[in-house]
Amino acid sequence: QVQLAESGGGLVQPGGSLRLSCAASARVSGFIGIDWYRQGPGTQREWVDGISSRGRTNYADSVKDRFTISLDNDKNIVYLQMNSLQSEDTAVYYCQESGGTWGQGTQVTVSS
């Protein structure tokens with residue numbers, strides 16, 4: 001069973017940037033795709049964006065034009081570049097493989 005490990009979270013000021021990584025234990029090219037989700041304090045987990053193994057991307061309206069998902073097939077890593085971060089982006093961010101395995105999550109806190 002594939003394992004996923006997120007990293008790159010932390011504390012950032014509003015307007016700042018972070019890049020999250022989702023490292024897979026198997027070749028990402030063998031997946032249907034990888035999605036990022038997030039769960040803020042007291043909220044339900046919500047879908048953020050996703051990328052297919054062929055590189056097709058989709059974004060939630062709330063992050064479109066600020067977040068970019070990308071795939072490094074050689075390293076089996078999916079990246080989430082987050083720019084213009086806002087306090088509403090504060091959440092634990094998770095990656096999920098093809099609707100199956102979840103990572104453990106990485107905390108992103110946007111605060112001054």
Side-chain angles (χ1 to χ4, degrees):
Q1 185 178 2
V2 65
Q3 295 181 331
L4 303 176
E6 302 94 335
S7 61
L11 173 64
V12 64
Q13 293 186 342
S17 299
L18 279 176
R19 188 177 76 161
L20 306 183
S21 299
C22 172
S25 62
R27 291 194 60 80
V28 178
S29 59
F31 303 159
I32 295 173
I34 296 282
D35 291 276
W36 283 98
Y37 289 79
R38 66 186 181 185
Q39 187 166 15
T43 67
Q44 292 187 330
R45 193 171 296 189
E46 65 172 352
W47 176 79
V48 175
D49 54 24
I51 187 167
S52 73
S53 60
R54 296 186 177 184
R56 188 167 188 171
T57 60
N58 284 290
Y59 298 90
D61 288 343
S62 60
V63 306
K64 199 173 293 183
D65 299 326
R66 298 189 299 124
F67 290 10
T68 302
I69 188 171
S70 61
L71 170 62
D72 186 328
N73 272 312
D74 292 333
K75 297 181 179 178
N76 297 321
I77 296 177
V78 173
Y79 297 103
L80 179 60
Q81 177 66 44
M82 306 186 296
N83 298 327
S84 302
L85 284 162
Q86 306 162 1
S87 57
E88 307 88 85
D89 298 314
T90 294
V92 178
Y93 284 72
Y94 302 88
C95 57
Q96 185 192 33
E97 173 271 321
S98 306
T101 303
W102 291 91
Q104 82 288 350
T106 185
Q107 175 70 48
V108 171
T109 302
V110 184
S111 175
S112 56

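Everything quoted here is computed from the prediction, not taken from an experiment.
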Notebook entry, point to check: Who else is in Tyr37's hydrophobic cluster (ILVMFWY, side-chain heavy atoms under 4.5 Å, direct or via others)?
Noted result: Trp47, Val92, Tyr94, Trp102

Checklist line | Heavy-atom pair with the smallest gap, counting every atom of Trp36 and Ser21 | finding: CH2-O, 3.7 Å

Check: When clusters are formed by joining ILVMFWY residues with side-chain heavy atoms under 4.5 Å apart, either directly or through shared neighbours, do Phe67 and Val12 land in the same one?
Finding: yes

Margin query: Under 4.5 Å between side-chain heavy atoms, counting indirect links through other Ile/Leu/Val/Met/Phe/Trp/Tyr residues: same cluster for Tyr59 and Ile51 or not?
Written below: yes

Note to self: Return the CD1 to CD1 distance between Ile69 and Ile34, rounded to the nearest 0.5 Å.
What the structure shows: 8.0 Å

Margin query: Tell me every residue that passes salt bridge (Lys or Arg N to Asp or Glu O under 4.0 Å) with Asp35, counting only those two or more places apart in sequence or in another chain.
Written below: none

Next item on the list: Go through the structure and list residues passing salt bridge (Lys or Arg N to Asp or Glu O under 4.0 Å) with Arg19, not counting sequence neighbours.
Entry: none

Check: Which pair of heavy atoms, one from Thr101 and one from Gln1, lies closest together, and at what distance?
Finding: OG1-NE2, 3.4 Å

Below 3.5 Å, can you tabulate the donor-acceptor pairs from side chains in residues 103-112 to any protein atom, sequence neighbours excluded?
| residue | atom | partner | partner atom | Å |
| --- | --- | --- | --- | --- |
| Gln104 | NE2 | Glu6 | O | 3.0 |
| Thr106 | OG1 | Gly9 | N | 3.1 |
| Gln107 | NE2 | Ala91 | O | 3.4 |
| Gln107 | NE2 | Thr109 | OG1 | 3.3 |

Checklist line | Check: Gln86 side chain, Asp89 main-chain N or O, donor-acceptor pair, under 3.5 Å | finding: no

Next item on the list: Hey, could you give me the CD1/OG distance between Ile77 and Ser70, rounded to the nearest 0.5 Å?
Entry: 10.0 Å

Next item on the list: Give every residue pair that meets the salt bridge (Lys or Arg N to Asp or Glu O under 4.0 Å) criterion with at least one member in residues 44-60, sequence neighbours excluded.
Entry: Arg38-Glu46

Notebook entry, point to check: Any salt bridge (Lys or Arg N to Asp or Glu O under 4.0 Å) pairs touching residues 73-88, not counting sequence neighbours?
Noted result: none

Margin query: Are more than 12 heavy atoms, taken from residues, nucleotides or ligands other than Ile32, located less than 6.0 Å from that residue's CD1 atom?
Written below: no

